[in-house]
Amino acid sequence: AACVVARCGTWLPANCGHLLKMAIRRNSLSPDAGALWLCAVGQSGLQPSNATGIPDSELAGTAEEVLLGSVGSLADDESSNDYDSLSAARAVWGLCAMDKTDAADGLAKRILKRLKAEDSSAFVAETWALLREVDQTLASEGDGDGDDSGPDWKEGITKAGDEEVALSRPGRLAELKQALTKTGEEVTDMEEGLAIGPYSVLLRVGSHSVALDFDAHESPVNRALRRKQWATLSPDLRVAEITAGSWDGLTDRARAALFRRRLLDEEDPVADEGDDD
């Protein structure tokens, strides 16, 4: 439940910190539960202590220790009874999203190392989608394990990218281009389906030096980790994000206003974006 709430960007309004506090108080999370919590907190954009909602408390101080400790067995070659490749991918993704690839003696990298030793033919689509982003983060830090990634691994990551494009594209480009004509901005030099590193963004508007990344909720996680990668992957082109949740249901006028804010790098108003006032 926390993963879904975080995916939608409503961690604080939904008071997910209360759920996290309850989990931390148990002090004995399974690897699967710990991995889900790491993935959820990673999507929230918060650190474990802040995610509890009581950052100065003793409980908040133990949050990171409890969460990282719960997934330690996912890096242990001797542990097999409770090993799950999807949980391992979720844990690594969450640690990367929180900038904790070096935490707990490089736990994220050790989990990933074990994952690469597993039979990748058994990996599900969600596992590959997460590993695709993890690979990019570790590569940008100079810690990528590309040399020991076999052809099956690389094929799985490539397929994850292809599936994301297939799921996110239908109809969205036409909607964006229609809204673009009503922004009041003079735009030129447009390019569809621009590749930026391992990702593909829906539309580049060269006149404004911006690329539009449309998150159609086709991925199991939000763009929390990907946002950290844009500066390295696209230093000369700002990447602006529009989510299906903020787009669908808007009037044409509201869509144009949203698109214009992304073009000009303006903040969204506090009021509902669907309000035409």
Side-chain angles (χ1 to χ4, degrees), residues 4-10 13 43 45 97 125-126 128-130 132-133 136 157-277:
V4 172
V5 170
R7 176 71 175 88
C8 297
T10 54
Q43 292 182 80
E126 183 176 348
W128 286 121
L130 296 169
R132 174 173 170 243
E133 298 194 12
Q136 177 58 44
I157 287 178
T158 299
K159 183 178 179 181
D162 294 341
E163 290 177 348
E164 178 179 297
V165 170
L167 288 171
S168 63
R169 289 295 156 82
R172 296 301 186 180
L173 183 59
E175 292 175 3
L176 282 175
K177 293 174 80 171
Q178 180 182 7
L180 184 59
T181 64
K182 301 178 181 180
T183 61
E185 290 293 306
E186 184 177 346
V187 297
T188 58
D189 187 20
M190 293 191 294
E191 180 180 357
E192 302 172 6
L194 174 68
I196 300 180
Y199 310 116
S200 178
V201 295
L202 206 56
L203 184 66
R204 179 184 68 85
V205 183
S207 56
H208 289 63
S209 298
V210 63
L212 271 296
D213 177 34
F214 195 97
D215 179 5
H217 303 300
E218 73 290 346
S219 169
V221 289
N222 63 18
R223 299 293 204 255
L225 180 52
R226 208 173 295 192
R227 291 180 203 124
K228 298 175 182 291
Q229 300 170 353
W230 291 132
T232 299
L233 292 172
S234 181
D236 300 321
L237 186 68
R238 177 172 57 87
V239 178
E241 180 183 327
I242 293 179
T243 68
S246 66
W247 182 262
D248 291 341
L250 293 181
T251 63
D252 288 346
R253 179 181 174 185
R255 284 183 173 183
L258 173 57
F259 201 159
R260 187 174 187 276
R261 291 195 297 274
R262 296 299 183 267
L263 286 174
L264 302 179
D265 197 19
E266 295 178 348
E267 294 290 332
D268 289 331
V270 176
D272 183 2
E273 287 181 334
D275 189 347
D276 283 343
D277 292 339

side-chain contact (heavy atoms from CB on, under 4.5 Å) partners of Ala257, counting only residues at least two apart
Arg261
Go through the steps for Asp268 and Arg262 under the test side chain to side chain contact (heavy atoms under 4.5 Å, CB included), then give the verdict.
CA-CA 9 Å; Asp268 289 331; Arg262 296 299 183 267; 2.8 Å; yes
Pairing residues for [X] by the side chain to side chain donor-acceptor pair (under 3.5 Å) criterion, not counting sequence neighbours:
X: Thr183; answer: none
X: Glu133; answer: Trp93, Arg226
X: Arg132; answer: Glu164
X: Ser200; answer: Arg169

Within a strict 4.5 Å, meaning less than it, do heavy atoms of the [X] and [Y] side chains meet?
X: Leu233; Y: Pro198; result: yes
X: Leu202; Y: Ile242; result: no
X: Leu263; Y: Leu180; result: yes
X: Glu218; Y: Val165; result: no

At their closest point, which heavy atom of [X] faces which heavy atom of [Y], and how far apart are they?
X: Thr181; Y: Gln178; value: OG1-O, 2.6 Å
X: Ala6; Y: Asn222; value: O-ND2, 3.2 Å
X: Ala244; Y: Arg172; value: CB-NH2, 3.9 Å

Set of residues satisfying salt bridge (Lys or Arg N to Asp or Glu O under 4.0 Å) with respect to [X], sequence neighbours excluded:
X: Lys228; answer: Asp99
X: Asp215; answer: Arg7, Arg223
X: Glu163; answer: none

Residue of the set Leu250, Thr243, Asp248 for which side chain to side chain contact (heavy atoms under 4.5 Å, CB included) holds with Ser246:
Thr243
Separation between [atom1] of [X] and [atom2] of [Y], rounded to the nearest 0.5 Å:
X: Gln229; Y: Ser234; atom1: CD; atom2: OG; value: 12.5 Å
X: Leu212; Y: Arg204; atom1: CG; atom2: CZ; value: 12.0 Å
X: Phe214; Y: Leu173; atom1: CZ; atom2: CG; value: 10.5 Å

Output yes when a side-chain donor or acceptor of Thr10 lies under 3.5 Å from a complementary backbone atom of Pro13, and no otherwise.
no
According to the salt bridge (charged side-chain N to carboxylate O under 4.0 Å, His left out) rule, which pairs have a member within residues 229-239, sequence neighbours left out?
Arg238-Asp265
Could you list all the salt bridge (charged side-chain N to carboxylate O under 4.0 Å, His left out) pairs where at least one residue sits in residues 192-201, not counting sequence neighbours?
Lys177-Glu192
Walk me through whether Leu237 and Leu194 qualify under side chain to side chain contact (heavy atoms under 4.5 Å, CB included).
CA-CA 11 Å; Leu237 186 68; Leu194 174 68; 3.7 Å; yes
Is it the case that more than 12 heavy atoms not belonging to Glu186 sit under 6.0 Å from its CD atom?
no
Run the ring pair (Phe, Tyr, Trp, His ring centres under 6.0 Å) test against Trp128 and tell me which residues pass, sequence neighbours left out.
Phe123, Trp153
Check step by step if side chain to side chain contact (heavy atoms under 4.5 Å, CB included) holds for Glu185 and Val205.
CA-CA 11 Å; Glu185 290 293 306; Val205 183; over 6 Å; no
Tell me, which pairs form a ring-ring contact (aromatic ring centres under 6.0 Å, His included) where one or both residues lie in residues 179-212, sequence neighbours left out?
Tyr199-Trp230
